[in-house]
Protein chains: 2
Amino acid sequence: MSHHPEIRHDPDSPKRQAVIAAAGELFIAQGYGAVSMDAVARAAGVSKATLYAHFASKDRLFATIIKEACRQKVAAIDLLAEPCDDLAAALTALGQQMLRFLLDAKPLAIQRVVMAECVRFPELGRAFYENGPEVFRRTFGAWLAVQAGAGRLAVPDPVIAADQFLGMLRATGIFLRASLGLPPAPADADIDATVAAAVRTFLRAYAVE
Amino acid sequence: MSHHPEIRHDPDSPKRQAVIAAAGELFIAQGYGAVSMDAVARAAGVSKATLYAHFASKDRLFATIIKEACRQKVAAIDLLAEPCDDLAAALTALGQQMLRFLLDAKPLAIQRVVMAECVRFPELGRAFYENGPEVFRRTFGAWLAVQAGAGRLAVPDPVIAADQFLGMLRATGIFLRASLGLPPAPADADIDATVAAAVRTFLRAYAVE
DNA sequence: GTCTATAGAAGGATAGAC
DNA sequence: GTCTATCCTTCTATAGAC
């Protein structure tokens with residue numbers, strides 16, 4: 001025993017952690033093709049041989065790193081656990097937290113990398129979707145169903161309604177612009193206006209008067 | 001004269017056209033990093049030297065090709081020129097054509113490549129945004145303003161309303177899934193249902209009763 | 001303009017010492 | 001496990017003949 005052909009390492013090894021941290025920053029910022037294993041080794045302060053002792057190949061290092069990055073949680077989801085007496089206020093708070101998260105540099109960069117490489121690494125598309133957007137729309141949809149049960153909303157299909165609200169947050173003028181890296185960065189006022197408009201449209205369509 | 005340091009070529013040269021066609025397919029399908037100049041030359045049936053006689057570098061070839069690909073027009077925009085007596089029908093037709101375009105393999109692939117490379121090639125982000133989404137939201141917003149003027153809609157801000165309708169079309173469950181390459185491919189019924197729901201929510205919020 | 005052939009650099013991955 | 005040093009492949013780009 002103790003002679004596996006696979007790689008087995010202490011996951012808390014400091015060098016390994018350094019590699020993970022360095023590779024995370026580089027891959028998320030620059031993507032797969034633009035980052036060399038030399039660059040990762042240099043940034044992590046280890047040799048390439050050490051790098052390869054922990055990760056069998058560039059592919060596997062990349063996939064491991066990005067899959068882990070996809071597990072980033074949206075703080076907005078916590079708002080859905082709180083009791084709700086004011087629907088408009090709750091949707092506004094949720095929308096603002098959600099949109100600010102989506103516009104943050106790191107989630108934007110992760111989305112770019114995953115979209116770019118999901119053809120060659122289908123597991124990344126799945127990991128991103130299932131850990132992020134899918135979790136949120138389900139949770140949000142369930143919350144909308146509860147509000148409907150309480151007589152505050154009339155939603156034929158809560159998950160569709162959730163998609164619509166989230167879709168309105170990802171507006172072309174603010175979210176797509178940011179996704180494409182176009183200046184200027186969205187101002188707070190723009191974010192608030194987008195959220196307010198989404199809440200208004202959503203409630204006009206779904207609120208029980 | 002006739003001795004410019006820059007490259008000047010017959011833009012209709014058959015070899016040049018072959019390079020453009022081959023590079024377009026490869027770059028759009030696989031992205032910048034995954035495509036070598038050897039692969040482009042082979043696919044185009046020319047030598048690398050010929051390739052470099054027409055395009056100074058891989059960067060310039062890539063940027064030229066992708067910028068041109070961003071000029072693809074949305075057929076849906078033509079619908080906005082037709083006279084309109086049934087708002088719901090017009091929005092449904094527009095939405096279906098738009099969403100089917102967005103879900104098509106080539107626009108999805110172009111979007112992936114542009115998002116992936118917009119950090120290193122900011123011009124691509126601009127070209128994509130200004131030729132595609134921005135044109136459409138402006139045109140659609142102007143159309144909504146006309147409908148408002150005709151007393152059919154009450155839209156405080158037509159461009160925001162346009163963004164909202166388009167955002168609801170790009171729903172997580174159908175558009176983001178497709179953007180990430182997740183199976184199964186969207187069925188016609190899913191597309192129609194998404195559009196119908198968007199039209200319904202939009203009119204509930206904005207229609208003059 | 002177009003080719004063949006190749007220079008020159010960079011990248012992924014590994015051998016062997018410790 | 002970690003390093004240094006290196007192998008081999010692939011890549012971008014060009015020289016030189018036609």
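Each chain gets a letter, A, B and so on, in the order its sequence line appears, and its residues count up from 1.
- Residue Tyr52(B) places no side-chain N or O under 4.0 Å from the OP1 or OP2 atom of dT14(D).
- For the pair Lys58(A) NZ and dT14(C) C1', the computed distance is 17 Å after rounding to whole Å.
- Arg16(A) places its CZ atom 15 Å from the P atom of dC3(D), with the value rounded to the nearest Å.
- In this structure, Lys48(A) does not reach the dT2(D) phosphate: none of its side-chain N or O atoms is under 4.0 Å from OP1 or OP2.
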Please lay out, stage by stage, how Tyr129(A) and Thr172(B) fare under the test side-chain hydrogen bond (donor to acceptor under 3.5 Å, both in side chains).
-> CA-CA 9 Å; Tyr129(A) 183 76; Thr172(B) 299; over 6 Å; no

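- The nucleotide whose nearest atom lies closest to any side-chain atom of Ser36(A) is, among dC11(D), dG11(C), dT2(D), dG11(C).
- Spacing between atom CE of Met37(A) and atom C1' of dT9(D) amounts to 16 Å, rounded to whole angstrom units.
- One interatomic measurement links the two molecules: CG of Leu51(B) to P of dT4(C), which rounds to 14 Å at whole-angstrom precision.
- The CZ-C1' distance, from Phe55(B) to dT2(C), rounds to 16 Å in whole Å.
- Ion pairing between Asp190(B) and Arg177(B) fails under the 4.0 Å rule for side-chain N and carboxylate O.
- In this structure, a donor-acceptor pair under 3.5 Å is absent between the side chains of Ser57(B) and Tyr52(B).
- Residue Ser47(B) places none of its side-chain N or O atoms closer than 4.0 Å to OP1 or OP2 of dT4(C).
- Applying the 6.0 Å contact sphere to CD of Glu25(B) captures no more than 12 heavy atoms from other residues, nucleotides or ligands.
- Per the geometry, NE2 belonging to His54(B) stands 12 Å off C1' belonging to dC3(C), to the nearest Å.
- Straight-line distance from the CG atom of Leu61(B) to the C1' atom of dC11(D): 15 Å, rounded to whole Å.
- In this structure, the CZ atom of Arg42(B) is 15 Å from the P atom of dC3(C), given to the nearest Å.
- Separation of the Phe55(A) and Phe62(A) ring centroids does not fall under the 6.0 Å cut-off.
- Backbone-only contact: Val35(B) has heavy atoms under 4.0 Å from sugar-phosphate atoms and none from a base.
- Closest to the Ala53(A) side chain, of the nucleotides dT2(D), dT2(C), dC3(C), is dT2(D).
- Position along DNA chain C of the nearest nucleotide to Ala49(A) versus Ala34(A) favours Ala34(A) as the more 5'-ward residue.
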